[in-house]
Amino acid sequence: MLQVSYIRENSEDIVKRMTVRNIDAQPIIDAVLTFDEQRRKLQTTLDATKAEMNTLSKEIGNLFKSGQAEKANELKNKTSELKETIKTVEQQLNEKADALNELLYKIPNVPNLLVPTGNSDEDNLETLRDGKMPQLHDSALPHWELAKKYNIIDFELGNKITGAGFPVYKGKGARLQRALIAYFLDKNTEAGYTEYQLPHLVNEASGFGTGQLPDKEGQMYHVMEDNLYLIPTAEVPGTNIFRDVILSENELPIGITGYTPCFRREAGSYGAHVRGLNRLHQFDKVEIIRVEHPSKSYEALDSMVAHVQDILKELELPYRILRLCGGDLTFASALTYDFEVFSAAQERWLEVSSVSNFESFQSNRLKLRFKNSDGKNELAHTLNGSSLALPRILASILENYQTEDGIKVPEVLIPYTGFDKIS
RNA sequence: GGAGAAAUGGCAGAGUGGUCGAAUGCACCAGUCUUGAAAACUGGCGAGGGUCACACCUCCGGGGGUUCGAAUCCCUCUUUCUCCGCCA
């Protein structure tokens with residue numbers, strides 16, 4: 001969420017830039033400013049009343065000590081009125097503060113100046129396209145057919161055990177999954193990210209920290225009994241490492257990577273485009289997360305993009321990079337690059353990574369700060385990206401690498417799989 | 001799951017109703033000394049709100065209560081430790 005002080009000082013600019021998201025932010029910004037002013041006014045009143053109360057209490061103490069009980073009791077009577085005031089003002093203050101917070105939760109991040117205007121994914125700006133388009137043979141199949149043909153992914157079995165969207169990987173399919181995870185983690189650690197193994201369930205505070213709560217609880221699986229949520233991405237436990245943390249400046253930058261399964265309810269998704277591996281309730285992903293000095297975060301974003309790009313190149317998959325337009329930009333992001341891989345047999349682009357700079361939007365909620373060179377606490381910037389999400393990478397490998405007598409394994413994965421062909 | 005103990009600043013650890021945002025030690029920062037460092041000495045050293053800056057207000061695991069006044073008393077929740085049970 002945005003800082004109130006930032007809104008106070010930049011309201012005009014914010015409203016202007018929000019138009020990129022197709023949002024007229026004027027009314028909500030005005031409301032924030034009004035509530036904020038009222039809140040501060042009440043705070044001042046409350047503080048003054050409390051100060052009076054404190055002085056009075058001290059006096060009473062001193063009077064009792066010096067044996068002037070009568071005088072003390074006289075003063076005591078005066079406190080009841082102050083107490084009443086404190087109580088009512090406090091209540092009003094809480095109401096205003098709550099109202100203010102509720103508004104702040106609803107305001108998305110301010111888009112970076114690079115973000116193009118637009119309504120939907122059709123308006124995203126393609127910044128790069130690279131890799132060779134495969135020439136498939138005539139009897140080429142989409143991955144869900146290949147999965148069946150070579151007996152490597154069993155969607156029906158997943159249906160039986162759990163339900164739709166929980167596929168079972170078998171034999172070389174399972175091995176390929178494991179190989180991809182290991183390969184991604186290796187690439188990420190080579191690039192300087194520290195590997196973490198993170199919990200797959202998180203508590204409510206963590207959900208709030210990264211913004212899944214209070215609004216998007218419908219997207220997560222909720223374990224009612226213990227009030228825990230299954231993570232929709234490693235971003236949630238990974239970023240919450242830094243909740244309520246004050247770093248020293250020389251600890252920056254921080255880069256971590258982790259593999260986790262991801263659980264998403266995907267309520268409302270349906271149809272042919274969710275076929276096979278394209279959209280699942282449980283899938284695997286390797287994530288990269290960075291905590292950066294505000295002056296360095298865009299540099300970091302570029303290096304993350306370059307890193308993901310490098311992996312896709314090594315896998316020799318045709319890909320493109322999109323700079324998301326305002327309409328497609330996620331709530332917390334200031335600038336996002338999506339990576340899409342071409343899935344030859346489906347003849348469509350599949351999103352395999354999304355790399356974002358959240359600036360201080362997340363860290364404000366998380367209270368993730370660092371002590372800057374002036375000795376003051378300043379919000380750090382957070383970034384994250386997939387490096388990479390497995391299912392669609394797997395889908396495109398299966399489809400793009402298929403030949404008439406089997407599916408070849410990308411060169412870089414062979415050391416991890418131990419085989420070079422699925423047949 | 002049962003029984004008991006505990007939760008205080010970066011860490012350790014005092015503090016059981018007022019003068020406590022909190023002793024002391026360590027760590028850290030700055031200065032003196034030194035060619036430099038160490039040691040010694042001097043000073044500083046939690047966070048949020050508020051202010052031009054002060055003042056002032058809030059925070060001693062979270063929430064609630066008693067009281068003129070709570071780190072200190074009461075209730076409740078959470079977490080940690082010890083013992084028992086269960087267990088990959």
Counter-base of [N], judged by Watson-Crick or G-U geometry with both distances under 3.5 Å:
{"N": "B:A40", "result": "B:U32"}
{"N": "B:C20", "result": "none"}
{"N": "B:G69", "result": "none"}
{"N": "B:C86", "result": "none"}
{"N": "B:G4", "result": "B:C81"}

A:Tyr298 vs A:His381, side chain to side chain contact (heavy atoms under 4.5 Å, CB included): CA-CA, chis, key distance, verdict | CA-CA 10 Å; A:Tyr298 279 96; A:His381 280 193; 5.5 Å; no

[M] and [N], which share atom name [atom1], separated by this distance in whole Å:
{"N": "B:C11", "M": "B:A27", "atom1": "C1'", "answer": "7 Å"}
{"N": "B:G50", "M": "B:U35", "atom1": "P", "answer": "50 Å"}
{"N": "B:C28", "M": "B:G10", "atom1": "C1'", "answer": "8 Å"}
{"N": "B:A55", "M": "B:A7", "atom1": "C1'", "answer": "34 Å"}
{"N": "B:G21", "M": "B:C33", "atom1": "P", "answer": "38 Å"}
{"N": "B:U51", "M": "B:U66", "atom1": "P", "answer": "32 Å"}
{"N": "B:A6", "M": "B:U42", "atom1": "P", "answer": "38 Å"}
{"N": "B:G4", "M": "B:G15", "atom1": "C1'", "answer": "24 Å"}

Taking atom types as modelled, is there a side-chain donor on A:Glu399 or A:Gln346 under 3.5 Å from an acceptor on the other?
->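 Result is yes, a qualifying pair exists.
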
Looking only at side chains, do A:Ser387 and A:Asn188 share a donor and an acceptor under 3.5 Å apart?
->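 Yes, because at least one side-chain N or O of A:Ser387 sits under 3.5 Å from a partner of the opposite role on A:Asn188.
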
Could you grab the distance from atom [atom1] of [X] to atom [atom2] of [Y], nearest 0.5 Å is fine?
{"X": "A:Ser303", "Y": "A:Gln309", "atom1": "OG", "atom2": "CD", "value": "11.5 Å"}
{"X": "A:Thr257", "Y": "A:Ile289", "atom1": "OG1", "atom2": "CD1", "value": "8.0 Å"}
{"X": "A:Cys262", "Y": "A:Met220", "atom1": "SG", "atom2": "CE", "value": "12.5 Å"}

Write down the protein N/O and nucleotide N/O pairs, taken from nucleotides 77-81 of chain B, whose separation is under 3.5 Å; answer none if there are no such pairs.
none

Which letter, B, S or -, goes with each nucleotide of nucleotides 43-70 of chain B from 5' to 3', with contact meaning a protein heavy atom under 4.0 Å?
-> ----SSBSS----SSS---------BS-

Look at the aromatic rings of A:His293 and A:Phe370 and report parallel, tilted or perpendicular, splitting at 30° and 60°.
->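 Because their plane-to-plane angle lies in the 30° to 60° range, the rings of A:His293 and A:Phe370 count as tilted.
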
Specify the separation, in whole Å, of atom CG of A:Asp244 and atom P of B:G9.
->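 Those two atoms, CG and P, are 14 Å apart.
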
Is A:Glu59 salt-bridged to A:Lys78, going by a charged N under 4.0 Å from an acidic O?
->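 Looking at A:Lys78 together with A:Glu59, the answer is no, because their closest N to O distance does not fall below 4.0 Å.
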
More than 12 heavy atoms from other groups under 6.0 Å of CD on A:Glu251 |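 More than 12 heavy atoms, drawn from other residues, nucleotides or ligands, come within 6.0 Å of this atom.
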
